[in-house]
Structure formats: C-alpha cells, structure tokens
Amino acid sequence: MSDIAPTSPRGAWNTAIYARLSRDRRGLSENVSIQVSECRDYADENTWPVVGIFPDNDISASKYSKKPREHYDLLLRAIRQGQVNIILITEMPRLYRRLEELLELIKLAETTKLQRIQTTDGISYNLDSAEGIHAAINAVNNAMLEAARLSKRIKRKQRARAIEGKVHGGGRPFGYEPGGLVIRESEARVIRECARRFIAGESIGDITRDLNKRGVLTATGKPWRIENLQRTFMKKRNIGVREYEGQEYPAEWPAILTREQWDRMEAQRLSKEWRWPKTQTGVRKYLLTGFIYCGRCGSRMYSGGRGPECGRPSQRRYRCRPHDNYGNASGCSKTFRIAEPVELLVTQAVWHVFDDPKVAVFLSPKVDEDKVRHLVQEFERRKGKLDQLVTDYATDVLSRDQFIQAKGIAEASVQEAREALSHYQSETSLAHLPATQTIRDAWETSGLEWRRNILRLVVDRVIVHPGQPGTQRWNGYRFDPEKIEIKWKF
Ligand SMILES: [Zn+2]
C-alpha cells in the first residue's frame, strides 16, 4: 500500500508506482501485482527509491467509467504534498484515458516536485519540457482512441450475438438452467402461473405474497420482491425473444410463454396504469355513477352525499343536478335517492342474471388475441411517436412551438389508445372469472372497478323514477324498489 517517505527535494528520484487492473483483457501486465513487481524491478535497476505504491484493482479507467480510482486520488495527494518526483507505470493507458486528467497532472507538475511519468518499457515523459508534455498528450490520445475502437468492437460483437439470438450472459435467468438454454420446469411452472394470475386481474402484491408464503424462491434463492417478480415473469426472454437496443430477435432458447400471453399481460399492465377519474376524496365510492339516470328529466344522476347536518349522519346519495361537472345546464335537480338500497337492488339483480349459466356463458366474451395485440401495438406505436417528438425537440429538429403543438396531439392520441385498451380489458374481465368462483363470491373479494366492469357487461342504464318512499321499508331502508328500473343490454 501507500507508504509515503518524507518530502523529497526537486531533482530527486522519489518514485511512486501506479498500477491498475482494467476490465478490457489486454496486455501482458494484467494482474496488478505483476504490474507492481514489474515497476519495482525497474525502479531497483535505476536505483530509484520507491516512496509509494498505488494499486487500483479491477477498476476501468475507460471514459464511461464513473467508478472512483481510490489510490489514484491518494497518488495525487502525495504529489501535492511534494513527495513524488516520478510516476512509474507499465504503460500509459494504466494511468490515463482521459485527457483532462493528464492536463491536471501537467498543471500539478508546474507547482510541485513532480517531474515525469516513466513507463517500464523505457519511455519517459518529461513534464518539464514541451516535448515531454506533447508526447504524453499523444500517448493519452492514442489510449483514448484505442478504448473507443475497443468499445465499438465489443458493441459490434454484442449486436451480432443478439441477431443470432444468443444468450446475453449474466446470472442464471429464472425459469432456465445455468447457461439459459434449457427450461427448468419447476420454475417455468411458476412463470406460467404468474402470467395466468396476472392476466386474470390479480394484483402483483397478492401473487408475490402467495409465492413467498409457499416458499418459492428467486433464481438467486431469495424471497420475491414485488418489483422484481413482475420484471421476471414479463421478461421478453420468456417468450423466446432476445432483445438488444430496443430490437427483438428470435432467441436460441425455448419459450415458456406465448406471445399472446405476453400481449395480454402488457394490456393488463397498461390498463392498471390507467386510473379512472376519482372523486375529491381520491377513492371512487359510487357503484352506479355513469349508469344511473333521472326518471323525471332523463339526465344523468351524480353522486351527491349529504353531509352530517342537524344531528343526522352523513349519507351517500345519487341525485339529479341542475348542472354537470362542467357547469352546463343538466337536470331537473328534483330526483335523489339514498345510494345503498339502489346499489343493493342493482347488485342482486345482476347476480340473478348471472345465476343462469346459459346467460353467463353467453356473456362471457371470447378474448380476441389479435385485437389485444393490435391494441397493445397501437399504444406502443403512439407512445414511440411521442418519445420521438421529445427527442426531436431535444435535438433542435423541432422548434418549441412546433413541439408543444405536436406533443398535445400525440398525447391525446396516446391517451385514446390507452382508453381503448382499458375498455377492451374491462369488456373481457368476466372471462377472467375463475371457473370455480361464482359471481357472488367474486363480488365480495373484488374491487369497485371490477364490479363496474361486470355491470357494464349487462346493464345499459338504471332509471330512478320520481316518487316518495312513503312508509315503504326495503331491506331496512325507507326505499321503494318499484321506482327503480333496470334497462339490460340484452
Ligand atoms: Zn332530473
């Protein structure tokens, strides 16, 4: 390590050895300790006192590397403290790939006792002279060029491998044996199960909890985390696709899932991203908004809770309003109804409809794989266009005004595609009802959006006819079920 001798006078031979292991496997002095002993020998031959050894292990000095070079910083400190006259290295790329760093060192040489950089193959860069500085800059330039050529070569190789569908490397992918070419059936079953459950509308959180409860582990033997589970089963790898820089190539390994399954998962994922407009409290609480109409004037009824007043508890209600959310003239504002009994009545009627197995089968829509794929592709195409606009703006292809105008159009188009997808997803949500579950069971455990999707399948509208409940009692409410009319879609 770095043992620093007392400050040396200028013109002395105090030598600091710097060694670095680069990631690119070139050169003979690969190993840091080999580099160091090579430098030591060289210093001994010249009878230069070694005042410090600064080895940076396994760290690339490539232009793209952001990793700190810890001992390099210590070396700089030793130079600033005036303890170093000579930096000894095996070859220039060990020390520098970035010109700025060399320039910093050249500046240091002006104000400290540092005189030169010496390589063990006998090249000396005298930092006192213009020739020496020039030669050093040339050497670093060459090293930089070499590094650029190297990374281009690596990229070309990676791309060729991708086109041939070859494995990417890295750790063992979940679902496959080491090497990534052979399916590991026990894990493939888990991937298929996750896909099926996710398509059926189960939340990732629930699936994750269940897998962990059953002791199913990741490829590295750890419990699942929510974010890596979805990434794992939605990998394009699982459908036999090798991805490289946004392009897809047929892979050399077998698929676990079909493209259709992947499209449906993507549709599910995208439709989950899309949030329905919410009420002010942030949570939609009204089952029938959008379905329920005033029987007197024919306009929509809205949720309109009565706050707690005059000692009465607050109450959820549907009411006909004189104007809509945009302030436009709307309804007669004369009809209102307590929400609970109306919702209960409609829910029971829907259950009744589904109790007839013939109706249920008739209503259960066939998922059109082509349609799902088309909708997903359309969404992605429009999204891609939007991304391209941002790039065009960033690279000055578009002016700010052009960008703002085009962005508005593109965003609306993306939103439209997403809504189409979302609607199709909800149309098909009944198909996701597990065969063993009745609609009643599912109703209890599923959220409001799922219930509204089911309603959308069968209910055209619910009409609330005017009238006073009088003394009518229905399921504990002052409510007249005769005044509620359900118009079915069939
Ligand atoms: Zn009305």
Side-chain angles (χ1 to χ4, degrees), residues 274-354 359 363 415-416 419-420 422-423 426-427 429-430 439 443 446-490:
W274 157 247
R275 297 275 173 267
W276 293 91
K278 295 201 171 134
T279 56
Q280 288 96 324
T281 54
V283 182
R284 185 191 274 281
K285 289 186 294 195
Y286 288 80
L287 179 69
L288 300 174
T289 314
F291 292 99
I292 193 164
Y293 288 79
C294 171
R296 189 193 305 266
C297 68
S299 60
R300 269 190 185 192
M301 292 175 82
Y302 293 86
S303 54
R306 193 193 62 194
E309 57 197 29
C310 311
R312 293 181 301 183
S314 64
Q315 201 175 51
R316 292 197 310 121
R317 299 201 289 189
Y318 293 101
R319 62 188 183 97
C320 179
R321 296 192 310 191
H323 44 74
D324 62 17
N325 284 335
Y326 306 97
N328 301 318
S330 168
C332 66
S333 83
K334 289 191 174 126
T335 312
F336 63 90
R337 215 49 54 94
I338 306 169
E340 276 86 6
V342 188
E343 290 173 357
L344 184 62
L345 181 92
V346 172
T347 298
Q348 288 181 345
V350 168
W351 288 352
H352 187 70
V353 163
F354 280 98
V359 174
L363 284 172
Q415 186 63 3
E416 194 184 273
E419 277 172 41
S422 191
H423 272 122
S426 64
E427 272 175 38
S429 59
L430 195 63
I439 200 135
W443 203 270
S446 304
L448 191 61
E449 281 319 321
W450 182 86
R451 295 179 196 178
R452 289 173 54 80
N453 289 339
I454 295 293
L455 281 194
R456 203 169 284 125
L457 282 174
V458 291
V459 174
D460 179 47
R461 56 176 62 191
V462 174
I463 298 167
V464 178
H465 291 290
Q468 296 297 320
T471 55
Q472 283 262 17
R473 303 292 295 184
W474 186 81
N475 280 295
Y477 297 96
R478 252 163 60 95
F479 175 75
D480 182 1
E482 297 295 320
K483 295 285 190 290
I484 305 296
E485 181 188 352
I486 301 174
K487 285 211 184 287
W488 303 98
K489 276 192 172 168
F490 47 87

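Start at 1 and go down the list; that is how both ligands and their atoms are numbered. For clarity, every value in this text was computed on a predicted model and none was experimentally measured. These numbers come from the heavy atoms of this one structure, side chains and all, not from hydrogens, waters or symmetry mates.
Around the Zn ion (ligand 1), protein N, O or S atoms at less than 2.8 Å number 4.
Identified under the salt bridge (charged side-chain N to carboxylate O under 4.0 Å, His left out) test for residues 463-480, with sequence neighbours left out: Asp480-Lys483.
Within the 4.5 Å cutoff, the side chain of Ile292 has no heavy atoms near those of the Tyr286 side chain. A heavy-atom distance below 4.5 Å is found between the side chains of Tyr318 and Glu343. Looking at heavy atoms from C-beta onward, Leu288 lies in side-chain contact with Leu455 at the 4.5 angstrom threshold.
Minimum heavy-atom separation, Ser333 to Pro322: CB-CD, 3.4 Å.
Heavy atoms of other residues, nucleotides or ligands lying less than 6.0 angstrom from NZ of Lys487 number 12 at most.
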